[in-house]
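As C-alpha coordinates, the structure follows; a few thoughts come after it.
Both ligands and their constituent atoms are indexed starting at 1 by order of listing. Worth knowing before you read on, the calculation uses all heavy atoms, side chains too, and leaves out hydrogens, waters and symmetry mates.
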Amino acid sequence: MNKTVNLLGSTGSIGTQTLEVCRKYGISVNSLAARSSCDMLIGQAREFNPTAVCIYDEDCYTKLKNELFGSGIKVLCGMEGLCTLAADSNADITVNAVVGMVGLRPTLAAIESGMDIALANKETLVCGGKLVMESAAKKGVKILPIDSEHSAIFQSIMALRGERGNQFKGIILTASGGPFYGKKAEELENVTIEQALAHPNWSMGKKITVDSATMMNKGLELIEAMWLFDLPPESIEIVIHRQSILHSAVVFSDNAVIGQMGVPDMKIPIQFALTYPERYESLSKPLKLTEIGTLTFEKPDFDTFVCLKTAVEAAKIGGTAPAVVNGANEAATALFIDGKIGFTRIGELVRGAFDEIKSTDITDISDCLRADRKAREYVNSMSKAELCSR
Ligand code: MG
(Lines give C-alpha, C1' and ligand atoms only; values in the text may rest on other atoms or scores of the structure.)
Protein backbone atom coordinates (compact mmCIF):
# COMPACT_ATOMS: atom_id res chain seq x y z
CA MET A 1 0.00 0.00 0.00
CA ASN A 2 1.31 3.40 -0.92
CA LYS A 3 1.16 4.99 2.51
CA THR A 4 3.73 6.25 5.00
CA VAL A 5 3.34 6.64 8.77
CA ASN A 6 4.98 8.33 11.72
CA LEU A 7 4.53 5.98 14.67
CA LEU A 8 4.73 7.34 18.21
CA GLY A 9 4.79 4.65 20.88
CA SER A 10 6.17 2.00 18.54
CA THR A 11 7.30 -0.47 21.22
CA GLY A 12 3.99 -0.69 23.11
CA SER A 13 1.08 -3.00 22.47
CA ILE A 14 -0.63 -0.77 19.86
CA GLY A 15 2.74 0.19 18.34
CA THR A 16 3.89 -3.38 17.72
CA GLN A 17 0.49 -4.33 16.29
CA THR A 18 0.62 -1.26 14.03
CA LEU A 19 3.96 -2.50 12.72
CA GLU A 20 2.40 -5.94 12.06
CA VAL A 21 -0.19 -4.19 9.89
CA CYS A 22 2.56 -2.14 8.17
CA ARG A 23 4.51 -5.34 7.49
CA LYS A 24 1.49 -7.10 5.97
CA TYR A 25 0.52 -4.25 3.64
CA GLY A 26 3.94 -2.82 2.87
CA ILE A 27 3.08 0.49 4.58
CA SER A 28 6.29 2.53 4.89
CA VAL A 29 7.50 3.85 8.22
CA ASN A 30 8.84 7.41 8.10
CA SER A 31 9.64 7.66 11.81
CA LEU A 32 9.44 5.69 15.06
CA ALA A 33 9.36 6.91 18.65
CA ALA A 34 9.40 5.02 21.96
CA ARG A 35 9.49 5.98 25.63
CA SER A 36 12.41 3.92 26.96
CA SER A 37 12.52 0.49 25.26
CA CYS A 38 15.78 1.29 23.52
CA ASP A 39 16.76 -2.22 22.34
CA MET A 40 13.37 -2.87 20.84
CA LEU A 41 13.39 0.50 19.08
CA ILE A 42 16.82 -0.29 17.60
CA GLY A 43 15.47 -3.58 16.24
CA GLN A 44 12.46 -1.83 14.71
CA ALA A 45 14.68 0.87 13.19
CA ARG A 46 16.88 -1.80 11.56
CA GLU A 47 13.85 -3.59 10.13
CA PHE A 48 11.79 -0.61 8.93
CA ASN A 49 14.61 1.80 8.09
CA PRO A 50 12.80 5.04 8.99
CA THR A 51 14.30 8.47 8.29
CA ALA A 52 14.24 9.33 12.00
CA VAL A 53 13.74 7.79 15.44
CA CYS A 54 13.12 9.38 18.83
CA ILE A 55 13.56 8.09 22.37
CA TYR A 56 11.59 10.03 24.97
CA ASP A 57 13.81 9.00 27.88
CA GLU A 58 16.90 11.15 27.34
CA ASP A 59 19.10 8.72 29.33
CA CYS A 60 18.83 6.27 26.42
CA TYR A 61 19.80 8.81 23.75
CA THR A 62 23.56 8.13 23.63
CA LYS A 63 23.08 4.37 23.36
CA LEU A 64 20.51 4.78 20.58
CA LYS A 65 22.74 7.19 18.69
CA ASN A 66 25.77 4.90 18.97
CA GLU A 67 23.85 1.81 17.87
CA LEU A 68 22.39 3.55 14.82
CA PHE A 69 25.60 5.37 13.90
CA GLY A 70 26.26 5.15 10.17
CA SER A 71 22.71 3.98 9.38
CA GLY A 72 21.67 7.39 8.07
CA ILE A 73 18.75 7.39 10.52
CA LYS A 74 18.35 10.67 12.37
CA VAL A 75 18.20 10.22 16.17
CA LEU A 76 16.16 12.56 18.39
CA CYS A 77 15.09 12.55 22.03
CA GLY A 78 12.70 14.02 24.58
CA MET A 79 9.44 15.89 24.11
CA GLU A 80 10.93 18.12 21.44
CA GLY A 81 11.96 15.08 19.39
CA LEU A 82 8.51 13.55 19.82
CA CYS A 83 6.83 16.72 18.54
CA THR A 84 9.25 16.96 15.59
CA LEU A 85 8.46 13.39 14.50
CA ALA A 86 4.71 13.85 15.03
CA ALA A 87 4.74 16.89 12.74
CA ASP A 88 6.97 15.38 10.02
CA SER A 89 4.87 15.80 6.90
CA ASN A 90 6.93 13.35 4.85
CA ALA A 91 4.41 10.81 6.17
CA ASP A 92 0.71 10.65 5.27
CA ILE A 93 -0.49 10.04 8.81
CA THR A 94 0.82 10.15 12.38
CA VAL A 95 -0.16 7.24 14.62
CA ASN A 96 -0.18 8.41 18.22
CA ALA A 97 0.02 5.33 20.44
CA VAL A 98 1.92 6.78 23.41
CA VAL A 99 0.53 6.19 26.91
CA GLY A 100 -0.74 9.11 28.95
CA MET A 101 -1.23 12.85 28.65
CA VAL A 102 2.37 13.13 27.51
CA GLY A 103 0.81 12.53 24.07
CA LEU A 104 -1.03 15.85 24.03
CA ARG A 105 1.77 18.09 22.79
CA PRO A 106 2.81 15.75 19.94
CA THR A 107 -0.85 15.51 18.87
CA LEU A 108 -1.14 19.30 18.74
CA ALA A 109 2.19 19.55 16.90
CA ALA A 110 0.99 17.05 14.27
CA ILE A 111 -2.28 18.95 13.77
CA GLU A 112 -0.41 22.23 13.50
CA SER A 113 1.56 20.86 10.54
CA GLY A 114 -1.61 19.53 8.91
CA MET A 115 -1.00 15.80 9.59
CA ASP A 116 -3.95 13.43 9.81
CA ILE A 117 -3.84 11.47 13.05
CA ALA A 118 -4.69 7.88 13.92
CA LEU A 119 -5.29 8.27 17.63
CA ALA A 120 -4.83 5.52 20.20
CA ASN A 121 -3.76 7.99 22.92
CA LYS A 122 -7.12 8.72 24.58
CA GLU A 123 -5.55 10.85 27.34
CA THR A 124 -4.86 13.45 24.63
CA LEU A 125 -8.59 14.04 24.20
CA VAL A 126 -9.43 13.65 27.88
CA CYS A 127 -7.04 16.44 28.87
CA GLY A 128 -7.04 18.67 25.84
CA GLY A 129 -10.06 17.63 23.76
CA LYS A 130 -11.19 21.20 23.29
CA LEU A 131 -7.81 22.35 21.95
CA VAL A 132 -7.32 19.25 19.79
CA MET A 133 -10.75 19.34 18.15
CA GLU A 134 -10.67 23.11 17.59
CA SER A 135 -7.26 23.08 15.96
CA ALA A 136 -8.09 19.94 13.91
CA ALA A 137 -11.20 21.70 12.56
CA LYS A 138 -9.19 24.83 11.77
CA LYS A 139 -6.48 22.85 9.93
CA GLY A 140 -8.89 20.42 8.24
CA VAL A 141 -7.11 17.50 9.87
CA LYS A 142 -8.78 14.08 10.25
CA ILE A 143 -8.66 12.34 13.63
CA LEU A 144 -9.20 8.62 13.05
CA PRO A 145 -9.82 6.70 16.27
CA ILE A 146 -7.87 3.51 17.00
CA ASP A 147 -9.54 2.89 20.36
CA SER A 148 -11.77 -0.09 19.50
CA GLU A 149 -15.01 1.42 20.84
CA HIS A 150 -14.47 4.71 19.04
CA SER A 151 -13.47 2.94 15.86
CA ALA A 152 -16.74 0.98 16.16
CA ILE A 153 -18.71 4.23 16.53
CA PHE A 154 -16.85 5.80 13.62
CA GLN A 155 -17.46 2.73 11.44
CA SER A 156 -21.16 2.70 12.40
CA ILE A 157 -21.54 6.33 11.38
CA MET A 158 -19.53 5.79 8.18
CA ALA A 159 -21.70 2.80 7.23
CA LEU A 160 -24.59 5.21 6.74
CA ARG A 161 -22.74 7.76 4.64
CA GLY A 162 -24.89 8.99 1.82
CA GLU A 163 -28.17 8.49 3.67
CA ARG A 164 -30.13 11.63 4.29
CA GLY A 165 -30.93 12.82 7.76
CA ASN A 166 -28.86 10.09 9.39
CA GLN A 167 -28.42 12.19 12.48
CA PHE A 168 -27.28 10.20 15.46
CA LYS A 169 -28.41 11.21 18.89
CA GLY A 170 -26.53 8.87 21.17
CA ILE A 171 -23.83 6.28 21.67
CA ILE A 172 -23.86 2.91 23.40
CA LEU A 173 -20.33 2.56 24.74
CA THR A 174 -19.62 -1.06 25.64
CA ALA A 175 -17.27 -2.16 28.42
CA SER A 176 -16.03 -5.65 29.24
CA GLY A 177 -16.20 -4.92 32.98
CA GLY A 178 -12.56 -5.98 33.37
CA PRO A 179 -11.12 -8.64 35.69
CA PHE A 180 -13.05 -7.43 38.76
CA TYR A 181 -16.51 -7.48 37.28
CA GLY A 182 -19.15 -8.37 39.88
CA LYS A 183 -16.83 -7.67 42.85
CA LYS A 184 -17.67 -5.22 45.63
CA ALA A 185 -15.31 -2.64 47.16
CA GLU A 186 -14.38 -4.78 50.19
CA GLU A 187 -13.41 -7.69 47.93
CA LEU A 188 -11.07 -5.42 45.98
CA GLU A 189 -9.02 -4.15 48.91
CA ASN A 190 -6.31 -6.80 48.74
CA VAL A 191 -6.21 -7.64 45.06
CA THR A 192 -2.72 -7.94 43.59
CA ILE A 193 -1.15 -6.35 40.54
CA GLU A 194 -1.16 -9.79 38.85
CA GLN A 195 -4.92 -10.06 39.34
CA ALA A 196 -5.43 -6.52 38.03
CA LEU A 197 -3.36 -7.33 34.95
CA ALA A 198 -5.35 -10.47 34.06
CA HIS A 199 -7.85 -8.99 31.59
CA PRO A 200 -10.48 -11.49 30.44
CA ASN A 201 -10.66 -10.47 26.74
CA TRP A 202 -8.04 -7.97 25.61
CA SER A 203 -4.27 -8.17 25.63
CA MET A 204 -2.95 -4.63 26.29
CA GLY A 205 -0.21 -2.62 28.00
CA LYS A 206 -0.01 -2.36 31.81
CA LYS A 207 -1.45 1.12 32.30
CA ILE A 208 -4.59 0.55 30.24
CA THR A 209 -5.09 -2.92 31.75
CA VAL A 210 -5.12 -1.42 35.26
CA ASP A 211 -7.46 1.30 33.89
CA SER A 212 -9.77 -1.50 32.76
CA ALA A 213 -9.63 -3.12 36.20
CA THR A 214 -10.60 0.17 37.92
CA MET A 215 -12.96 0.94 34.99
CA MET A 216 -11.31 4.33 34.69
CA ASN A 217 -10.71 3.30 31.09
CA LYS A 218 -14.42 3.52 30.34
CA GLY A 219 -14.68 6.92 32.01
CA LEU A 220 -11.78 8.19 29.88
CA GLU A 221 -13.43 6.69 26.81
CA LEU A 222 -16.70 8.47 27.54
CA ILE A 223 -14.81 11.78 27.52
CA GLU A 224 -12.91 10.72 24.39
CA ALA A 225 -16.25 9.95 22.67
CA MET A 226 -17.74 13.32 23.68
CA TRP A 227 -14.95 15.10 21.85
CA LEU A 228 -14.67 12.83 18.83
CA PHE A 229 -18.40 12.70 18.14
CA ASP A 230 -19.52 16.03 19.60
CA LEU A 231 -22.07 14.69 22.10
CA PRO A 232 -22.85 15.63 25.72
CA PRO A 233 -22.10 12.98 28.38
CA GLU A 234 -25.84 12.40 28.92
CA SER A 235 -26.09 11.02 25.36
CA ILE A 236 -23.51 8.30 25.98
CA GLU A 237 -24.67 5.15 27.74
CA ILE A 238 -22.06 2.84 29.23
CA VAL A 239 -23.13 -0.80 29.03
CA ILE A 240 -21.28 -3.80 30.44
CA HIS A 241 -20.89 -6.41 27.71
CA ARG A 242 -18.72 -9.23 29.03
CA GLN A 243 -17.96 -10.89 25.70
CA SER A 244 -16.36 -7.80 23.99
CA ILE A 245 -17.96 -8.68 20.65
CA LEU A 246 -20.14 -5.60 20.10
CA HIS A 247 -17.46 -2.90 20.21
CA SER A 248 -19.96 -0.03 20.56
CA ALA A 249 -22.97 1.31 18.68
CA VAL A 250 -24.68 4.47 17.54
CA VAL A 251 -28.33 5.38 18.18
CA PHE A 252 -29.96 7.26 15.30
CA SER A 253 -32.83 9.73 15.43
CA ASP A 254 -35.40 7.02 14.67
CA ASN A 255 -34.00 4.79 17.48
CA ALA A 256 -32.32 2.47 15.00
CA VAL A 257 -29.08 1.19 16.52
CA ILE A 258 -26.09 0.42 14.31
CA GLY A 259 -23.07 -1.21 15.92
CA GLN A 260 -19.83 -2.88 14.91
CA MET A 261 -18.98 -6.42 15.93
CA GLY A 262 -15.84 -8.49 15.65
CA VAL A 263 -13.45 -10.61 17.69
CA PRO A 264 -11.58 -8.56 20.32
CA ASP A 265 -8.43 -7.87 18.30
CA MET A 266 -6.90 -4.37 18.10
CA LYS A 267 -5.53 -5.10 14.64
CA ILE A 268 -9.02 -4.49 13.18
CA PRO A 269 -9.34 -0.85 14.37
CA ILE A 270 -5.62 -0.17 13.77
CA GLN A 271 -5.88 -1.40 10.20
CA PHE A 272 -9.09 0.54 9.55
CA ALA A 273 -7.50 3.78 10.75
CA LEU A 274 -4.53 3.20 8.42
CA THR A 275 -6.44 2.04 5.34
CA TYR A 276 -9.54 4.26 5.72
CA PRO A 277 -11.66 4.72 3.64
CA GLU A 278 -10.67 1.35 2.12
CA ARG A 279 -11.06 -2.04 3.78
CA TYR A 280 -8.64 -4.93 3.27
CA GLU A 281 -8.38 -8.52 4.43
CA SER A 282 -7.33 -8.65 8.07
CA LEU A 283 -4.78 -10.47 10.20
CA SER A 284 -7.53 -11.02 12.78
CA LYS A 285 -9.74 -14.10 13.09
CA PRO A 286 -13.27 -14.06 11.65
CA LEU A 287 -16.14 -13.73 14.11
CA LYS A 288 -18.13 -16.96 14.62
CA LEU A 289 -21.28 -15.88 16.42
CA THR A 290 -22.48 -19.43 17.01
CA GLU A 291 -19.27 -20.18 18.91
CA ILE A 292 -19.89 -17.12 21.12
CA GLY A 293 -23.53 -18.16 21.63
CA THR A 294 -24.71 -15.48 24.05
CA LEU A 295 -24.20 -11.74 24.22
CA THR A 296 -25.10 -10.08 27.52
CA PHE A 297 -25.65 -6.43 28.48
CA GLU A 298 -25.83 -4.95 32.00
CA LYS A 299 -25.60 -1.67 33.87
CA PRO A 300 -22.20 -0.72 35.34
CA ASP A 301 -21.64 -0.65 39.12
CA PHE A 302 -20.74 3.02 39.68
CA ASP A 303 -20.56 2.63 43.49
CA THR A 304 -17.81 0.02 43.43
CA PHE A 305 -15.89 1.51 40.53
CA VAL A 306 -15.21 4.96 41.98
CA CYS A 307 -12.88 5.92 39.12
CA LEU A 308 -15.65 5.44 36.58
CA LYS A 309 -18.13 7.43 38.62
CA THR A 310 -15.63 10.26 39.13
CA ALA A 311 -14.65 10.41 35.46
CA VAL A 312 -18.30 10.68 34.41
CA GLU A 313 -18.82 13.51 36.92
CA ALA A 314 -15.71 15.25 35.58
CA ALA A 315 -17.07 14.89 32.05
CA LYS A 316 -20.24 16.71 33.10
CA ILE A 317 -18.31 19.53 34.80
CA GLY A 318 -15.89 19.97 31.90
CA GLY A 319 -13.04 22.52 31.83
CA THR A 320 -9.93 21.10 33.46
CA ALA A 321 -11.85 18.54 35.59
CA PRO A 322 -11.13 15.66 33.17
CA ALA A 323 -7.42 16.61 33.09
CA VAL A 324 -7.35 16.54 36.91
CA VAL A 325 -9.01 13.12 37.06
CA ASN A 326 -6.68 11.82 34.34
CA GLY A 327 -3.52 13.20 35.98
CA ALA A 328 -4.48 11.77 39.38
CA ASN A 329 -5.23 8.44 37.75
CA GLU A 330 -1.90 8.32 35.90
CA ALA A 331 -0.01 9.07 39.12
CA ALA A 332 -2.02 6.67 41.31
CA THR A 333 -1.90 3.85 38.75
CA ALA A 334 1.89 4.20 38.51
CA LEU A 335 2.10 3.91 42.33
CA PHE A 336 -0.09 0.79 42.26
CA ILE A 337 2.01 -0.81 39.50
CA ASP A 338 5.12 -0.08 41.60
CA GLY A 339 3.52 -1.84 44.58
CA LYS A 340 3.39 1.37 46.64
CA ILE A 341 -0.37 1.60 47.15
CA GLY A 342 -3.29 -0.85 47.21
CA PHE A 343 -5.78 -1.21 44.39
CA THR A 344 -8.71 0.62 46.00
CA ARG A 345 -6.43 3.57 46.85
CA ILE A 346 -6.39 4.44 43.13
CA GLY A 347 -10.09 5.33 43.23
CA GLU A 348 -9.77 7.16 46.55
CA LEU A 349 -6.90 9.30 45.32
CA VAL A 350 -8.63 10.10 42.02
CA ARG A 351 -11.76 11.08 43.95
CA GLY A 352 -9.69 13.14 46.41
CA ALA A 353 -7.98 15.08 43.62
CA PHE A 354 -11.30 15.67 41.88
CA ASP A 355 -12.89 17.01 45.09
CA GLU A 356 -9.85 19.08 46.04
CA ILE A 357 -8.84 20.77 42.77
CA LYS A 358 -11.25 23.25 41.26
CA SER A 359 -11.98 23.04 37.54
CA THR A 360 -11.11 26.07 35.42
CA ASP A 361 -11.73 26.88 31.76
CA ILE A 362 -9.23 25.76 29.14
CA THR A 363 -7.91 28.52 26.90
CA ASP A 364 -4.53 27.06 26.03
CA ILE A 365 -2.34 24.06 26.75
CA SER A 366 -0.87 25.60 29.90
CA ASP A 367 -4.29 25.18 31.58
CA CYS A 368 -4.22 21.45 30.82
CA LEU A 369 -0.63 21.05 31.96
CA ARG A 370 -1.28 22.97 35.20
CA ALA A 371 -4.33 20.85 36.08
CA ASP A 372 -2.36 17.70 35.33
CA ARG A 373 0.56 18.83 37.52
CA LYS A 374 -1.69 19.78 40.45
CA ALA A 375 -3.41 16.41 40.32
CA ARG A 376 -0.11 14.52 40.29
CA GLU A 377 1.20 16.65 43.17
CA TYR A 378 -1.95 15.90 45.16
CA VAL A 379 -1.61 12.13 44.64
CA ASN A 380 2.11 12.05 45.36
CA SER A 381 1.86 14.19 48.52
CA MET A 382 -1.08 12.16 49.88
CA SER A 383 0.61 8.84 49.26
CA LYS A 384 3.97 10.04 50.56
CA ALA A 385 2.36 11.02 53.86
CA GLU A 386 0.78 7.56 54.04
CA LEU A 387 4.00 5.72 53.27
CA CYS A 388 5.85 7.69 55.98
CA SER A 389 3.20 7.01 58.61
CA ARG A 390 3.20 3.22 57.95
MG1 MG B 1 -11.07 0.95 24.26
Checklist entry - Would you say the side chain of Arg23 lies within less than 4.5 Å of the side chain of Glu47, judging by non-hydrogen atoms? => result yes
Checklist entry - Does the side chain of Asn201 pick up a donor-acceptor pair with the side chain of Ser244 at under 3.5 Å? => result yes
Item to check | Asp364 to Leu131 - nearest heavy-atom pair and separation | outcome: C-CD1, 3.7 Å
Checklist entry - What protein N/O/S atoms are found closer than 2.8 Å to the Mg ion (ligand 1)? => result Asp147 OD1, Glu149 OE1, Glu221 OE2
Item to check | Salt bridge present between Glu348 and Arg345 (N-O < 4.0 angstrom) | outcome: yes
Checklist entry - Going by atom types alone, do Thr84 and Glu80 pair a side-chain donor with an acceptor below 3.5 Å? => result no
Checklist entry - Would you call Asp303 and Lys184 a salt bridge, using N to O less than 4.0 angstrom? => result no
